Amino acid sequence: MEPASSKPGPKAKAELAFGRRVVSTSAAKPPPQRKAEAKKTEGGAAAPPTFAHEEFKGDPIPYRLQGNKKMYTKKALAKRKQLSQDAEVKKIIQKIWQAVPKENELMTKQKYFNFFMRVCKMLNPDMEFEDAIQTVDADWEKDSKGKDFLDESTFHDCMFEIVDHWTLDISTEEYIEFLESFLSKMTT
C-alpha cells in the first residue's frame with residue numbers, strides 16, 4: 001500500500017486513525033486560524049467559547065477519529081512533553097482542579113465519573129451515553145493507576161492528555177486557548 005501523500009490537495013486524504021482507515025476532507029485544507037479574542041454574537045453579546053476542533057463539524061469523519069502523523073514525530077513528542085510542564089498550562093489546569101468537586105482534596109471515582117461524563121458531552125456532543133460510560137470507565141482504570149482516587153498531580157496528567165489530544169497544533173497558545181475555553185464551559 002502506498003503511503004498517503006503529505007501534500008495537501010483538493011482531494012480528500014486517507015490515513016489511519018485508531019487502527020481505522022479514515023478519509024478527512026480537512027486534510028485538504030489548512031486548519032482554521034484561531035483568534036484568542038472573545039467572539040461576539042450578532043447582537044453584540046459575548047459568544048460562548050469554542051474549541052478549535054469544532055471548526056471541523058462538517059467533515060464526514062468526526063475529529064476524534066482523525067489522526068495526524070505530524071503530531072507523533074520525535075520533535076513533536078518532545079515539544080508536547082515540554083508543554084505538559086509549561087507554567088501557564090499548569091496554572092490553568094490547577095484552576096480547573098480547584099473548580100472540580102473533590103473530597104479532602106482528592107477526586108473520588110464518583111466525582112471523576114461525574115466530571116468526565118460532562119467532559120465527554122462537552123467535547124463530543126453526539127457521543128452516545130453508553131459509549132461515554134465505557135470511555136470514562138476505561139479512562140478511570142488507566143488514570144487512577146489502581147488507587148481509589150486522583151490527586152492533583154494525576155488530575156494534571158489526565159487534563160493534559162485531554163488538551164494534548166483535542167488541540168490542532170502544538171503551541172502554548174493553542175493549549176492555553178483550549179484550557180481557557182474548557183474552564184469557561186465547565187463553570188457556566
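Note that the structure is predicted; figures quoted are calculated from it, not measured.
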I'd like to check [X] versus [Y] (side-chain heavy atoms, cut-off strictly below 4.5 Å). Are they in contact?
| X | Y | result |
| --- | --- | --- |
| F129 | M117 | yes |
| L150 | S144 | yes |
| K79 | K75 | no |
| L106 | E103 | no |
| D157 | K145 | yes |

Short side-chain to backbone donor-acceptor contact, [X] and [Y], under 3.5 Å:
| X | Y | answer |
| --- | --- | --- |
| R118 | M186 | yes |
| H165 | F160 | no |
| D151 | S153 | yes |
| K102 | V100 | yes |
| T187 | L183 | yes |

Check your understanding: So does E141 have more than 12 non-hydrogen atoms from other groups sitting under 6.0 Å from CD?
Key -> yes
Practice item. With sequence neighbours left out, write down each residue that passes ring pair (Phe, Tyr, Trp, His ring centres under 6.0 Å) with F113, or none if nothing qualifies. Key: none
Review point. Can you check side chain to side chain contact (heavy atoms under 4.5 Å, CB included) on Y175 and R80, steps first, answer last?
Key: CA-CA 10 Å; Y175 281 47; R80 289 164 60 194; 3.7 Å; yes
For residues [X] and [Y], report the shortest heavy-atom separation together with the two atoms involved.
| X | Y | answer |
| --- | --- | --- |
| K147 | W140 | O-CZ2, 3.6 Å |
| F155 | I96 | CZ-CG2, 3.7 Å |
| M159 | F115 | SD-CE2, 4.2 Å |

Quick one: [atom1] on [X] to [atom2] on [Y], what's the gap to the nearest 0.5 Å?
| X | Y | atom1 | atom2 | result |
| --- | --- | --- | --- | --- |
| E180 | K95 | CD | NZ | 7.0 Å |
| M122 | M127 | CE | CE | 13.5 Å |
| F178 | S171 | CZ | OG | 13.0 Å |
| T167 | I176 | OG1 | CD1 | 11.5 Å |
| S84 | E161 | OG | CD | 12.0 Å |
| K90 | H156 | NZ | NE2 | 6.0 Å |

Review point. Would I170 and I92 show up in the same hydrophobic cluster when neighbours are defined by side-chain heavy atoms closer than 4.5 Å?
Key: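 Same cluster: I170 reaches I92 through Ile, Leu, Val, Met, Phe, Trp or Tyr contacts under 4.5 Å.
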Check your understanding: Are F116 and F149 connected in a single hydrophobic cluster, I mean Ile/Leu/Val/Met/Phe/Trp/Tyr linked by side-chain heavy atoms less than 4.5 Å apart?
Key ->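 They do not share one cluster, since no chain of ILVMFWY contacts under 4.5 Å joins F149 to F116.
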**Study point:** side chain to side chain contact (heavy atoms under 4.5 Å, CB included) assessment of I93 paired with L179
**Key:** CA-CA 7 Å; I93 292 175; L179 287 164; 3.9 Å; yes
Study note, to complete from the structure: Test side-chain contact (heavy atoms from CB on, under 4.5 Å), reference W166, set L168, D164, I162, V163, output is I162
Review point. Without hydrogens or angle criteria, can the side chains of Q82 and D86 be said to hold a donor-acceptor pair below 3.5 Å?
Key: no
Exercise for review: Apply side-chain contact (heavy atoms from CB on, under 4.5 Å) to D139 and list each qualifying residue two or more places apart in sequence or on a separate chain.
Suggested key: Y112, T135, K142, D143
